[in-house]
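This report concerns only the one structure given below.
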Amino acid sequence: MKKYILIILAIVLFNSGCEMDEPAITTTDKDAIFGSEEGLNAYSMSFYDMFPNASDQAIVEQSLVDFGATSTLSGFTLLNAYSENNSSGWSWSNLRNVNYFIENCTDPDIPESVRNNYIGLARFFRAWFYYGMVQRFGDVPWVDHPLSPGEEDILYAARDSRELVMEKVYEDLMFAAENISRTTDATQCTMITKWVAYAFASRVCLFEGTFRKYHNLNLTTSAAVWLKRAEDAASVVMEQSGKSLTSNYRALFTSDNPPTSETMLAIASSASLGIKHNANWRWTSETFGTGLNIIRSFLCTYLQSDGTPYTSRPGWQYEDFYEEFQNRDSRLNATLRYPGYKREGVLTLPVYNGYARIGYQPIKLCVDATIGDTQSESTHAIQLVRFGEVLLNYAEAKAEQGTLSDADWAATIGKLRARAGITGGLTQKPTVLDPYMQETYFPNITDPVIMEIRRERAIELIFEGFRFDDLLRWKAGDLFKNSWTGMYISGINKPLDVDHNGTDDVIYYTDDAGLEAAMALSNNANPYKVKVSTDPTASVIQVHAAGDGTGYYLAWFTNNDSKKVWGPKQYFYPIPVSALNKNPQLTQNAGWENGATNDGN
């Protein structure tokens with residue numbers, strides 16, 4: 001095995017520095033790899049390097065989301081801050097490594113079923129690679145073998161059509177699903193199984209079907225075909241994989257060994273092996289991470305425990321931190337620091353004078369132990385594919401086709417909501433459109449079923465890396481321009497008991513005199529002290545009048561709302577100028593030509 005690893009390491013390191021045009025390694029030693037199942041298995045381990053590491057995946061939604069306020073605005077949505085000159089992602093080395101394996105996995109002495117298992121694994125990763133490239137750039141070159149310098153017709157050709165590339169992606173996923181032999185990974189779910197291939201296929205097909213639908217792409221394969229493919233792939237997982245929802249939602253994101261009943265693919269760590277990540281550090285530090293806070297307009301989308309909208313509750317606009325957490329979807333408490341939340345037995349509010357600049361501090365991917373708050377000591381697994389997503393994919397694919405039944409609803413959205421402690425609306429599709437969701441998020445959606453599925457998807461999958469792609473496929477990028485408004489407070493320059501436990505917690509003050517007066521009234525000698533401004537042009541935390549005559553909403557960066565931009569071209573990234581210079585046959589994505597910036601057009 002050491003011999004295999006050394007040879008593979010040489011091949012992979014060689015490939016990692018290349019683009020499309022490096023010659024393949026020619027060595028008799030490669031026969032040792034491709035001439036035995038042990039060699040194929042060892043080589044296949046290199047494919048897993050294509051996955052993000054735990055630290056990166058844990059913070060994939062710390063920026064470029066519509067539901068969160070960050071310390072600074074992402075360059076992609078900051079006026080004139082992004083162009084082909086600072087774009088990235090046009091890298092092909094991972095593809096070459098996979099294609100090299102597929103081309104050489106041909107030894108007839110190895111049974112065909114064994115070879116197809118490993119080729120299926122390679123084709124899964126090729127699909128993973130190309131799905132990401134199409135999401136980012138749209139049309140891209142399709143290459144299915146390692147290229148030599150003499151193949152200039154491919155090396156310097158124009159991009160292939162989205163139609164061609166995505167059909168190839170689907171073919172790869174179906175081959176993988178039908179030929180991968182592994183069906184279980186019972187310890188930490190870190191290996192690709194047959195069911196992971198089907199689950200990922202449901203994700204890819206749902207993206208492609210809805211993207212074609214909402215962007216009105218007139219391609220040979222219709223949106224309806226892709227939506228049916230998504231339904232079928234998800235159905236296989238639901239009916240054959242044996243997977244089910246685990247009862248503890250938060251345990252999915254805080255366990256070293258995640259619940260295998262629901263987890264399908266995760267990034268694992270190991271304290272004993274010294275493999276750790278920095279999720280806690282990023283989610284508790286206002287300087288190391290982006291300091292993301294949920295904004296209140298998103299928090300208001302969490303249903304009440306009886307299944308009715310929170311925004312149907314009398315006085316919801318003016319409920320404080322304690323009140324708004326009462327009788328809600330339990331995923332709210334599994335996602336944010338809530339009234340009564342404890343870490344290591346100590347009552348722990350959001351850090352109002354630090355991280356929680358507008359009041360709502362996440363905990364979903366942050367464990368309660370504090371050891372990892374200032375160093376890379378986290379070992380909890382990070383989800384990549386799980387059964388809960390498959391249920392959402394199935395529900396949305398059927399709803400978009402107009403075929404979702406009450407039974408389908410109960411088996412998907414109903415089950416997810418039941419796990420969250422919701423008691424109403426679990427067995428029948430909704431028939432009434434929530435006006436708050438339509439006005440605040442999706443004004444063009446009139447189907448209450450689709451609207452509720454979108455609500456459910458956003459809440460269930462928050463911080464797991466889906467929101468940016470979801471808004472792209474729904475053509476809802478304007479939501480990235482949302483104002484960052486936070487929790488309601490009943491007043492400024494006075495002490496506030498935000499968790500209603502009898503002890504004052506925080507003072508939002510406008511000047512030294514206001515702070516002094518508030519401290520004189522406080523029953524806590526050391527509350528959080530946060531300086532704010534009533535000036536809407538201020539660069540510090542602002543307080544905006546709530547409309548009830550006494551209260552305010554915390555706000556952040558709203559003085560620079562005009563600098564938040566989204567235009568039609570931002571549904572794709574620009575191809576980096578370095579790639580255009582190497583290959584004159586490439587054309588830039590519309591709107592990004594000649595160094596154009598993200599100017600909102």
Side-chain angles (χ1 to χ4, degrees), residues 69-71 283-289 291-296 299 315-326 333 336-363 366 368 370 373-374 483-559:
T70 53
S71 53
W283 285 106
T284 58
S285 171
E286 62 180 306
T287 55
F288 186 42
L292 181 139
N293 281 213
I294 294 296
I295 59 176
R296 192 171 195 268
L299 181 139
W316 65 271
Q317 300 94 326
Y318 312 122
E319 290 194 334
D320 67 12
F321 179 73
Y322 174 84
E323 294 164 337
E324 64 191 353
F325 275 82
Q326 305 308 304
N333 282 20
L336 301 175
R337 293 191 180 187
Y338 54 87
Y341 170 64
K342 293 182 179 181
R343 300 188 75 194
E344 297 177 335
V346 178
L347 191 66
T348 309
L349 285 168
V351 183
Y352 292 116
N353 65 344
Y355 191 106
R357 60 178 58 81
I358 62 172
Y360 304 120
Q361 184 167 349
I363 61 169
C366 175
D368 297 337
T370 60
D373 288 2
T374 57
S483 288
W484 292 347
T485 303
M487 75 176 184
Y488 171 85
I489 59 174
S490 61
I492 53 177
N493 296 316
K494 70 174 190 178
L496 302 174
D497 176 12
V498 295
D499 62 352
H500 292 201
N501 71 345
T503 301
D504 296 330
D505 304 301
V506 59
I507 295 170
Y508 293 96
Y509 68 97
T510 55
D511 52 33
D512 290 343
L515 176 60
E516 184 178 355
M519 284 298 297
L521 299 173
S522 178
N523 63 13
N524 182 358
N526 190 32
Y528 287 120
K529 306 174 187 71
V530 185
K531 190 169 186 179
V532 296
S533 175
T534 57
D535 180 358
T537 66
S539 58
V540 297
I541 298 173
Q542 303 164 18
V543 285
H544 294 180
D548 61 351
T550 59
Y552 298 85
Y553 293 113
L554 301 179
W556 175 251
F557 209 78
T558 56
N559 56 304

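Quick note: numbers below take in every heavy atom, side chains included, and nothing from hydrogens, waters or symmetry partners.
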Do [X] and [Y] have side-chain heavy atoms sitting under 4.5 Å apart?
X: T485; Y: R296; value: no
X: L554; Y: V543; value: yes
X: N559; Y: S539; value: yes
X: D320; Y: H500; value: yes
X: Y341; Y: D368; value: yes
X: V540; Y: K531; value: no
X: I492; Y: T534; value: yes
X: V346; Y: R343; value: no

Fill in: Backbone of A518 reached by a side-chain donor or acceptor of N493 within 3.5 Å
no

Discussion item. Donor-acceptor check, side chain of W556 to backbone of T70, threshold 3.5 angstrom: yes or no?
Written reply: yes

Rounded distance (nearest 0.5 Å) linking atom [atom1] of [X] with atom [atom2] of [Y]:
X: T558; Y: W484; atom1: OG1; atom2: CH2; answer: 10.5 Å
X: T510; Y: D535; atom1: OG1; atom2: CG; answer: 12.0 Å
X: R337; Y: F321; atom1: CZ; atom2: CZ; answer: 9.5 Å

Considering all heavy atoms of both residues, which atom of [X] and which atom of [Y] are nearest to each other, and what is their separation?
X: H544; Y: Q542; value: NE2-OE1, 2.7 Å
X: P362; Y: L292; value: CD-O, 3.3 Å
X: Q361; Y: T284; value: NE2-CA, 4.2 Å
X: R357; Y: I541; value: O-CD1, 3.4 Å
X: N293; Y: I358; value: OD1-N, 3.1 Å

Side chain to side chain contact (heavy atoms under 4.5 Å, CB included) partners of [X], counting only residues at least two apart:
X: D504; answer: P495, D497, S522, N523, N524
X: A546; answer: Y318, Y488, D548, Y553
X: L347; answer: K342, D499, N501

Practice prompt. If the plane angle is over 60° it's perpendicular, under 30° parallel, otherwise tilted; pick one for Y508 and Y352.
Written response: perpendicular

Worksheet item: Heavy-atom count around Q326 CD within 6.0 Å, excluding the residue itself: above 12?
Response: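 For Q326, atom CD is crowded (more than 12 foreign heavy atoms under 6.0 Å).
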
Item to complete: For a side-chain hydrogen bond (donor to acceptor under 3.5 Å, both in side chains) with E324, tell me which candidate from Y360, Y338, W316 qualifies.
Response: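 So the option named by the test is Y360.
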
